[in-house]
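All values below come from the heavy atoms of this structure, side chains included, with hydrogens, waters and symmetry mates left out. Order of the sequence lines sets the chain letters (A, B, ...), proteins ahead of strands, with each chain counted from 1.
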There are 4 protein chains.
Amino acid sequence: MTDKKENILLSALQLFASDGFNATSTSKVAKQAGVSEGLIFRHFENKEGLLKAILAMGESKIKDLFAEIVLETEPKLVIRKTISLPFQVKEEDYDFWRLQFKLKWELKNYVSQKMDPLEMALSNAFKKLQKPKPELESKKLLLLVDGISSALLKGDLKNKEELHQFLLNKYEV
Amino acid sequence: MTDKKENILLSALQLFASDGFNATSTSKVAKQAGVSEGLIFRHFENKEGLLKAILAMGESKIKDLFAEIVLETEPKLVIRKTISLPFQVKEEDYDFWRLQFKLKWELKNYVSQKMDPLEMALSNAFKKLQKPKPELESKKLLLLVDGISSALLKGDLKNKEELHQFLLNKYEV
Amino acid sequence: MTDKKENILLSALQLFASDGFNATSTSKVAKQAGVSEGLIFRHFENKEGLLKAILAMGESKIKDLFAEIVLETEPKLVIRKTISLPFQVKEEDYDFWRLQFKLKWELKNYVSQKMDPLEMALSNAFKKLQKPKPELESKKLLLLVDGISSALLKGDLKNKEELHQFLLNKYEV
Amino acid sequence: MTDKKENILLSALQLFASDGFNATSTSKVAKQAGVSEGLIFRHFENKEGLLKAILAMGESKIKDLFAEIVLETEPKLVIRKTISLPFQVKEEDYDFWRLQFKLKWELKNYVSQKMDPLEMALSNAFKKLQKPKPELESKKLLLLVDGISSALLKGDLKNKEELHQFLLNKYEV
DNA sequence: AATGAATGAGGGTTCATTCAT
DNA sequence: AATGAATGAACCCTCATTCAT
């Protein structure tokens, strides 16, 4: 991958994440990447191709993150890791995650089944811990984590760490 | 308010809610409303004015909904009503709420402090019920409700009613 | 003539004179006149009709001014009055005259033969005073007067009165 | 400079000069230049940028013309050259000059101090020739030249050459 | 691999004008 | 006489994309 191609990807990620996919023009991306507009199309065919490339770039990041949880056998740890998920996102990864959440609202046909394995793992963990209605318990936690992530990425969440501890205590994990 | 003006408002609400504000052209709105494009600008000055008119239209809806909770004195009822919030949204109001959530991600400077009074009321309720850390408890519930609302509006939530009951039981309200 | 009709005429005169005919929209005129846009068309049929009405309104002003010179028999007085022409325009008439000059540049088919009788009168005056080439002398003076008028109306002319006296002396009138 | 870019400039000059800046649409310019409308904006950013490019193109023309006079040391020649100024404009430059004069009336904030050095040079020349009130004499000549130029560019001036000679004789230059 | 010129479709907005009331 | 709703064409400008070099 050439330098210029990477520049395009990084600039696009940042702009898509902050302004949204539709509101970001290819010319803006080219300008910020210090590259001719045509080059974007040579490398990625079209604007959507650029988006897909960005998402693909992060796929592994997501997979690693989820694998870490799904492959965990100790049920308490599964829950603890799920809760900690949004609180451990690194600053440098914010753009990527903000883009993910933005896209869920922006693109009509953006369906994400990425969470499914996580839901099953969680469900299983709650079952092992003898919790009644483990599926609903799992669903509930994931919805909470989603709410937290959203707030975090939008910058709406103060006293982040306090909340993190509070939740770990609540779930006794 | 003339018929055509109302047509514009309704069409715009629907399109903004389904495609997003930026991705919806005024010409699309006009076409769906069966109206000349210019009329939009006669009535609402510009595209943003149209958006504001839509939001204003729903302001009262939001206020009523929140007042119902904030003015409640029985703490258990405060919590119960908060939980029930997303589950009671009527089908016909989905567009409006989907738009609200979309805008939080789409518009850079869309800040909503509408939830603040709700957070205080909830916090108070938990305090009255002797819950430790009532502020965090309140925050947590609101984040969960936000996660639920998002999923609901995006059509990602099956077994809606089951979850509703589960939560009411959990919180013993 | 109703008040509203007159309001339209005066507002249009002012706006056409300051911004130009093309750059002044009928909506701007209506707004400044405190009148509905439709009324303009009821009274003047179309935008050009409005312009013509304004010009007609001033026709008499022009005729009076020129008659004063053309009917003068004393040659020296003819010249003196011609020279004084631009210097005697009243502040309140500036808009009207500015409009006249603007239109000469703005409208393709604005031909004004209004000056012809003046040119003949001047020519005659110079002839009576035994000036060689009275037609050219007349032409020259009119071109000078035109240059002065332009500068005056554009606000480009300082020491107006000094120049006025200087010219009267020059021509010994 | 590509052919198309030059086409745009030339077409715009011609249209602006004949119809005025406001009355000339970018689509008209594009059509006449045989070019897509978007190209105008790629090359000149916006309509005003196009105008500025045209004016810049002629700046040197103006500077050369004025330098020729201002740098002249022989007073009689300064006057002669000033008088000849409008009479020597080449047919091919008419559009450019017509545009200059049009803009003085069309644009609100078009201030031109280009004439200032010329006024000083002329003033000096008249002083050297012992004329009384050289500043006013200079002012007068420039106003006359302006009147002549206007008439010439509007096509209002017959017997051009006769007038030219007449003036040179008058001023004995 | 990379540029920059070029395009056609569509963006939001303003315009002069019409018409029912 | 007067309004205000309504329109269709045109406005300037931006967009994603193509192509010769």
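The distance from atom CG of B/L50 to atom C1' of E/dG11 is 15 Å, rounded to the nearest whole Å. Per the geometry, CD belonging to D/E45 stands 8 Å off P belonging to F/dT14, to the nearest Å. Regarding D/K4, its NZ atom lies at a distance of 13 Å from the P atom of E/dA5, rounded to whole Å. If you measure from atom CD of C/E37 to atom C1' of F/dG4, you get 10 Å, rounded to the nearest angstrom.
B/S25 comes within contact range of the sugar-phosphate backbone alone, with a heavy-atom separation under 4.0 Å but no base atom that close. Residue C/K5 is out of contact with every strand shown, counting any heavy-atom pair closer than 4.0 Å.
E/dT21 is paired with F/dA2 under the Watson-Crick or G-U wobble criterion, all donor-acceptor distances under 3.5 Å. With a cut-off of 3.5 Å on both Watson-Crick or G-U wobble distances, the partner of F/dC15 is given as E/dG8.
Both tests hold for D/K47 against D/F21: distance to the six-membered ring centre under 6.0 Å, angle to the ring axis within 45°. Relative to the ring axis of B/F96, B/K90 does not place its NZ or CZ within 45° and under 6.0 Å from the centre. Both tests pass for C/K5 against the ring of C/F44: distance under 6.0 Å to the centre and angle within 45° of the axis.
When each of D/D3 and A/I40 is assigned the nucleotide of DNA chain E bearing its nearest heavy atom, the one mapping closer to the 5' terminus is A/I40. Nearest-nucleotide positions on DNA chain E for D/V35 and C/G38 put D/V35 closer to the 5' end.
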